[in-house]
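Worksheet for the structure shown next.
Please read all numbers here as calculations on a predicted model, not as lab measurements.
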Amino acid sequence: MKDFAGKIAVVTGGGTGMGRELARLLVAEGCNVAMCDVSAEAMAETKRLCEVEKLPQGLRITTHVADVSIEDHYKRFRDKLIEQQATDKIHLLFNNAGIGGGGSLFSNTREQWERTFNICWGGVYLGVRTFLPLLVKADEAHIVNTSSVNGFWASVGMGVSHTAYSAAKFAVKGFTEAMINDLRLNAPHVKCSVVMPGHIGTSIVSNSRKVQNGSDQLNADELKQARQRLQGQGIDVARMSDADIQQLALDRARIFHDEAPTSAAAAAKIILDGVKAERWRILVGDDAHLLDERVRKTPEQAYTPDFYQGIVAATGWKVG
């Protein structure tokens with residue numbers, strides 16, 4: 001697929017971050033976009049940004065409120081898309097939606113753990129299941145599943161557990177790789193790619209709290225975990241109030257967004273360029289390439305303090 005003009009794309013998690021930037025770039029290339037998100041307000045802003053420049057006549061941008069972990073939401077999204085986009089096929093499926101949280105089997109609830117896993121993995125699986133018949137009907141089509149560097153390295157540092165997100169992203173990677181031959185055997189005109197971003201400037205940290213907790217504030221368990229993490233970093237938390245910890249968490253979310261080595265817009269361009277080049281494996285960011293190289297070179301060392309400190313020193317990461 002060398003260009004996107006006149007095509008129809010589905011983008012999950014289109015309200016913010018890479019989803020928003022994918023929608024903007026696709027529209028700029030003359031592609032119709034149907035996006036879903038849990039936030040109607042965020043999608044409205046994405047749509048406004050897409051429409052800043054006058055759209056080509058007949059180009060359609062539709063927004064659909066949906067939780068990608070719930071199959072009935074997906075089915076409703078698909079049915080509304082068919083109606084509002086006036087189509088029985090799509091050409092591009094970007095399974096992009098994701099959240100963090102539920103990092104520990106010990107200190108997080110089962111509900112938090114499964115919420116993260118069911119969105120980050122289940123949303124990809126259900127997205128493919130729901131939209132595959134519409135993709136097959138197109139003359140050419142491409143499925144783009146967002147994994148992460150945490151799909152080949154299950155960590156964000158020594159001081160924090162990261163099990164739910166990592167397990168989900170490993171599943172997305174394996175699923176997509178297995179799909180390569182499944183599609184080749186059964187629908188050779190449909191291609192697929194797995195995207196593995198490093199640290200991208202998105203609002204996933206604050207958005208994850210909103211999805212998990214209903215606000216961007218830490219709950220009681222998260223406050224306890226934050227104290228443990230800070231103490232593990234050599235910070236004296238004895239004199240810090242809960243409000244101090246909350247402020248540090250808000251600052252961390254801001255730093256994650258504002259000081260990332262790769263912006264969401266740059267990431268979206270890398271992804272779309274990868275689709276045009278029919279690359280099934282799309283690493284996003286210099287840190288992703290570096291981490292991939294080092295994990296492959298010394299896999300037995302990948303979860304040691306020295307390995308992580310080497311990554312921090314080489315990339316300037318401010319995560320974990």
| Residues Glu177, Lys173: salt bridge by 4.0 Å N-O rule | yes

| request: Decide, yes or no, whether a salt bridge links Asp72 with Arg76 under the criterion of side-chain N to carboxylate O below 4.0 Å. | output: no

| query | Can a salt bridge be assigned to the pair Lys297 and Asp292 using a cut-off of 4.0 Å between side-chain N and carboxylate O? | reply | no

| field | Which atom of Val68 lies closest to which atom of Thr12, heavy atoms considered | value | CG1-CB, 4.1 Å

| message | Applying a strict under-4.5 Å side-chain criterion to I, L, V, M, F, W and Y, I'd like to know whether Ile270 and Met1 cluster together. | response | yes

| query | In the single-linkage hydrophobic clustering (I, L, V, M, F, W, Y; side-chain heavy atoms under 4.5 Å), do Val295 and Val312 co-cluster? | reply | yes

| query | Yes or no on side-chain contact (heavy atoms from CB on, under 4.5 Å) for Ile271 and Val284, after CA distance, side-chain angles and deciding distance? | reply | CA-CA 7 Å; Ile271 293 167; Val284 181; 4.1 Å; yes

| query | Sub-3.5 Å donor-acceptor pair from the side chain of Thr315 to the main-chain atoms of Trp317, do we have one? | reply | yes

| query | What are the two closest non-hydrogen atoms of Ala288 and Pro197, and how far apart are they? | reply | CB-C, 4.3 Å

| Between His91 and Ile8, is there a donor-acceptor pair closer than 3.5 Å when you use the side chain of the first and the backbone of the second? | yes

| query | Linking I/L/V/M/F/W/Y whenever their side-chain heavy atoms sit closer than 4.5 Å, directly or via other members, would Leu49 and Leu26 fall into one cluster? | reply | no

| Trace of the salt bridge (Lys or Arg N to Asp or Glu O under 4.0 Å) decision for Lys75 with Asp79 | CA-CA 6 Å; Lys75 290 178 177 178; Asp79 293 346; over 6 Å; no

| field | Heavy-atom closest pair, residues Gln112 and Asn108 | value | OE1-ND2, 3.1 Å

| Tyr125 atom OH: more than 12 heavy-atom contacts under 6.0 Å | no

| Is a side-chain N or O of Ser39 found less than 3.5 angstrom from the main chain of Ala42, in a donor-acceptor match? | yes

| Are any of the side-chain heavy atoms of Val144 and Val195 separated by less than 4.5 Å? | yes

| said: Is any side-chain heavy atom of Cys36 closer than 4.5 Å to one of Val65? | reply: no

| Does the side chain of Ile70 come within less than 4.5 Å of Asn118's, by heavy atoms? | no

| Quick one: does Leu290's side chain get under 4.5 Å of Asp286's, heavy atoms only? | no

| request: Return yes if a side-chain donor-acceptor contact under 3.5 Å exists between Ser193 and His142, otherwise no. | output: yes

| task | Any chance you could measure Arg20, atom CZ, to Leu22, atom CG, to the nearest 0.5 Å? | result | 12.5 Å

| request: Flag the pair Trp121 / Phe175 as yes when their ring centroid distance falls below 6.0 Å, and as no otherwise. | output: yes

| Between CG of Leu283 and CD of Glu293, what distance do you get to the nearest 0.5 Å? | 11.0 Å

| message | Rounded to the nearest 0.5 Å, what separates atom CG in Leu25 from atom CG in Leu272? | response | 5.5 Å

| said: Working note: Glu114 + Arg110, criterion salt bridge (Lys or Arg N to Asp or Glu O under 4.0 Å); need CA distance, chi angles, decisive distance, verdict. | reply: CA-CA 6 Å; Glu114 293 184 356; Arg110 178 169 178 167; 2.6 Å; yes

| query | Any donor and acceptor pair, going by atom type alone, linking the side chain of Arg60 with main-chain N or O of Gln85 inside 3.5 Å? | reply | yes

| Check: Thr130/Glu71 side-chain N/O donor and acceptor closer than 3.5 Å | no

| message | If you apply the rule side-chain contact (heavy atoms from CB on, under 4.5 Å), what do you find for Ile200 with Ser263, and how did you get there? | response | CA-CA 6 Å; Ile200 310 300; Ser263 69; over 6 Å; no

| Any chance the side chains of Ser69 and Asp67 put a donor and an acceptor closer than 3.5 Å? | yes

| Between Gly285 and Thr262, what is the shortest heavy-atom contact and its length? | CA-OG1, 3.6 Å

| Yes or no on side-chain contact (heavy atoms from CB on, under 4.5 Å) for Tyr165 and Trp113, after CA distance, side-chain angles and deciding distance? | CA-CA 8 Å; Tyr165 187 85; Trp113 202 100; over 6 Å; no

| For Ala138 and Lys89, which heavy atoms make the closest approach, and how far apart are they? | CA-CD, 3.7 Å

| task | Spell out, as yes or no, whether a donor-acceptor pair under 3.5 Å connects the side chain of Thr46 to the backbone of Gly14. | result | yes

| message | So Leu134 and Leu81, do their side chains get closer than 4.5 Å, heavy atoms only? | response | yes

| message | Once rounded to the nearest 0.5 Å, what's the spacing between atom CG of Leu135 and atom CD of Glu140? | response | 12.0 Å

| Check: Ile180 main-chain N/O paired with Lys191 side-chain donor or acceptor under 3.5 Å | no

| said: Quick check: do Ile61 and Glu51 have side-chain heavy atoms less than 4.5 Å from each other? | reply: yes

| request: Go through the steps for Phe77 and Phe131 under the test ring pair (Phe, Tyr, Trp, His ring centres under 6.0 Å), then give the verdict. | output: CA-CA 10 Å; Phe77 174 23; Phe131 287 107; 5.4 Å; yes

| task | Check Ala264 against Met18 and note the closest heavy-atom contact, atom names and distance. | result | CB-N, 4.0 Å

| message | As an exercise, state the distance from OG of Ser147 to CZ of Arg281, rounded to the nearest 0.5 Å. | response | 10.0 Å

| request: Decide yes or no for Val194 and Trp280: does some side-chain heavy atom of the first lie under 4.5 Å from some side-chain heavy atom of the second? | output: yes

| query | When you look at Tyr308 and Tyr303, which way does the side-chain contact (heavy atoms from CB on, under 4.5 Å) test go after all the steps? | reply | CA-CA 7 Å; Tyr308 178 68; Tyr303 299 106; over 6 Å; no

| message | Count I, L, V, M, F, W, Y as connected when their side-chain heavy atoms are under 4.5 Å apart, and connections chain through other members. Are Met179 and Val136 then in the same cluster? | response | yes

| Do the non-hydrogen side-chain atoms of His64 and Gln84 ever get within less than 4.5 Å of each other? | yes

| query | If you draw a 6.0 Å radius around CD in Glu29, do more than 12 non-hydrogen atoms from other residues or ligands fall strictly inside? | reply | yes

| Gly103 backbone acceptor or donor facing Thr163 side chain under 3.5 Å | yes

| task | Please determine, by modelled atom types, if Arg78 and Tyr74 share a side-chain donor-acceptor pair under 3.5 angstrom. | result | no

| Check: Asp37 side chain, Gly15 main-chain N or O, donor-acceptor pair, under 3.5 Å | yes

| query | Judged by atom type as modelled, is there a donor-acceptor pair below 3.5 Å linking the side chain of Lys7 to the main-chain atoms of Cys31? | reply | no

| task | To the nearest 0.5 angstrom, please state how far the CZ atom of Phe4 sits from the NZ atom of Lys276. | result | 5.0 Å

| With a cut-off of 6.0 Å (strictly less than), are more than 12 heavy atoms of other residues, nucleotides or ligands near NZ of Lys137? | no

| Would a distance-only check, ignoring hydrogens and angles, find a side-chain to backbone donor-acceptor pair under 3.5 Å from Thr116 to Ala164? | no

| message | When you group the ILVMFWY residues by side-chain heavy-atom contacts below 4.5 Å and let the links chain together, are Phe170 and Phe117 in the same group? | response | no

| field | Donor + acceptor pair across side chains of Asn145, Thr176 (<3.5 Å) | value | yes

| Residue pair Asn150 / His162, side-chain donor-acceptor N/O under 3.5 Å | yes

